[in-house]
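What follows is one structure encoded as structure tokens, with my remarks underneath.
Hydrogens, waters and symmetry mates are skipped; everything else that's a heavy atom, side chains included, is used. All chains are named by letter (A, B, ...) in the order of the sequence lines, taking the proteins before the strands, and each is independently numbered beginning at 1.
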Number of protein chains: 2
Amino acid sequence: MSKLTKQQTVESAWQRNAELGPFDFCPVRTTLNVLGGKWKLLVLSTLFEGSRRYGELRRLLPEITEKMLIQELRELELDGIVQRVVYQQVPPKVEYSLTEQGQRVQPMMAALVNWGQGYLTRTGAPPLPASLPPAQRNR
Amino acid sequence: MSKLTKQQTVESAWQRNAELGPFDFCPVRTTLNVLGGKWKLLVLSTLFEGSRRYGELRRLLPEITEKMLIQELRELELDGIVQRVVYQQVPPKVEYSLTEQGQRVQPMMAALVNWGQGYLTRTGAPPLPASLPPAQRNR
DNA sequence: TTACAAATAGCAAGTACCTACTAAAAAGTA
DNA sequence: TACTTTTTAGTAGGTACTTGCTATTTGTAA
């Protein structure tokens, strides 16, 4: 993207990262580019159960800023992971759901969950934050 | 971490992200925290084949800065993913290899590779960078 | 007319992340 | 002494990513 256009429009995450060079057809890099946002997997996990309106997502994921939520949704839409359907009503209604590509994330995420769980149980939660008393771990 | 100690020492990635709140025992978050660095999976994939000296890694991965390379290695070591063995020689020799936790990354990464490949083939490489002529895609 | 709900966008400020460059240790060799 | 090889650390600067706050649209209800 040009340095001149300082304008901050939401882009496809793929596209945003696609100018870094010829490494971009690396499958892992692709996955990280498309799904690597701080909240994307969290949002997707909510959509595994079915489609949701924007407001529902907001209520289900209060730790995400509104700004971030739409931004992530917008990127996921541009990258073909979620589908956005607008109903022509007056208090507007927008429903988000997973595309086929989005559905395919589920087994992949299962692998992440699996590794993370193994790590947590095997290392006994945070590995050696020796500086903190153990009691503080669960804060 | 205290705002006062501006000192920039390498921390465990787990530890660095562990103060964000009670979400941290989420397995996915854990996985992303530990393995989410820009180069970590790339480094690990190099170690799947066996142990490597620092210099070998540097040569095999020229796109990574030396600084970043040791930093990522150090974090991975602190998080228990790689093992670091120092040989008491005069031009120093240090070998890095995967721990058991590190070995377990391989199947997980396979899932990432799989998703990324599916995405690339199904969407036909970069999805709609309509602003660029198709020829430019392979730059 | 004023107020409201639902969804979304923009900007400024802050934080985290990466890179480039410089430099240190250690012990043998020229 | 000066110089090499191998591994590692520090610092400054830049870029990318997140957050907080404010604002817009559009019918309908008060």
Here's a test of your reading of the structure: between A:Pro91 and A:Met68, which maps to the more 5' nucleotide of DNA chain D? A:Met68
Between B:Lys38 and D:dA16, is there a contact of a side-chain N or O with OP1 or OP2 at under 4.0 Å? no
Which nucleotide sits closest to the side chain of B:Pro92: C:dT8, C:dA9, D:dT6? D:dT6
Heavy-atom distance under 4.5 Å between the side chains of A:Asp79 and B:Thr123, does that happen here? no
Flag the pair B:Arg52 and B:Glu95 as a salt bridge only when some basic side-chain nitrogen lies within less than 4.0 angstrom of an acidic carboxylate oxygen. no
Between P of D:dG10 and CZ of B:Arg74, the distance in whole Å: 10 Å
Taking any heavy-atom pair under 4.0 Å as a contact, classify A:Gln89: base, sugar-phosphate, or nothing. nothing
Round to the nearest Å and state the distance from B:Gln88 atom CD to D:dT7 atom C1'. 12 Å
Could you list the donor-acceptor pairs under 3.5 angstrom formed between side-chain atoms of residues 96-104 of chain B and any protein atom two or more places apart in sequence or on another chain?
{"unit_1": "B:Tyr96", "atom_1": "OH", "unit_2": "B:Arg84", "atom_2": "NE", "d": "3.4"}
{"unit_1": "B:Thr99", "atom_1": "OG1", "unit_2": "B:Gly80", "atom_2": "O", "d": "2.7"}
{"unit_1": "B:Thr99", "atom_1": "OG1", "unit_2": "B:Ile81", "atom_2": "O", "d": "3.0"}
{"unit_1": "B:Thr99", "atom_1": "OG1", "unit_2": "B:Gln101", "atom_2": "N", "d": "3.3"}
{"unit_1": "B:Thr99", "atom_1": "OG1", "unit_2": "B:Gly102", "atom_2": "N", "d": "3.2"}
{"unit_1": "B:Glu100", "atom_1": "OE2", "unit_2": "B:Arg104", "atom_2": "NH2", "d": "2.5"}

Separation of D:dT24 atom C1' from A:Glu66 atom CD, nearest Å, is 13 Å
Taking the basic N atoms (NZ, or NE/NH1/NH2) and the acidic carboxylate oxygens, is any pair closer than 4.0 Å for A:Arg74 and A:Glu77? yes
What's the closest nucleotide to the A:Val94 side chain, out of C:dA20, C:dT8, C:dC18? C:dT8
Look at A:Arg58 and C:dA6 and indicate whether a side-chain polar atom (N or O) is within less than 4.0 Å of OP1 or OP2. no
If you go through the side-chain atoms of B:Lys67, does one of them form a donor-acceptor pair with the base of C:dT22 closer than 3.5 Å? no
Report which part of the nucleic acid A:Arg84 touches: base, sugar-phosphate, or nothing (heavy-atom distance under 4.0 Å, all strands). sugar-phosphate
Does B:Ser51 reach the main-chain N or O of B:Leu47 with its side chain, forming a donor-acceptor pair under 3.5 Å? no
Hey, does the side chain of A:Arg53 come within less than 4.0 Å of C:dA6's phosphate (OP1/OP2), counting only N and O? no
From CG of B:Asn33 over to C1' of C:dA16, roughly how many Å is that when rounded to an integer? 13 Å
Could you tell me whether the phosphate oxygens of C:dA26, OP1 or OP2, come under 4.0 Å of any side-chain nitrogen or oxygen in B:Tyr87? no
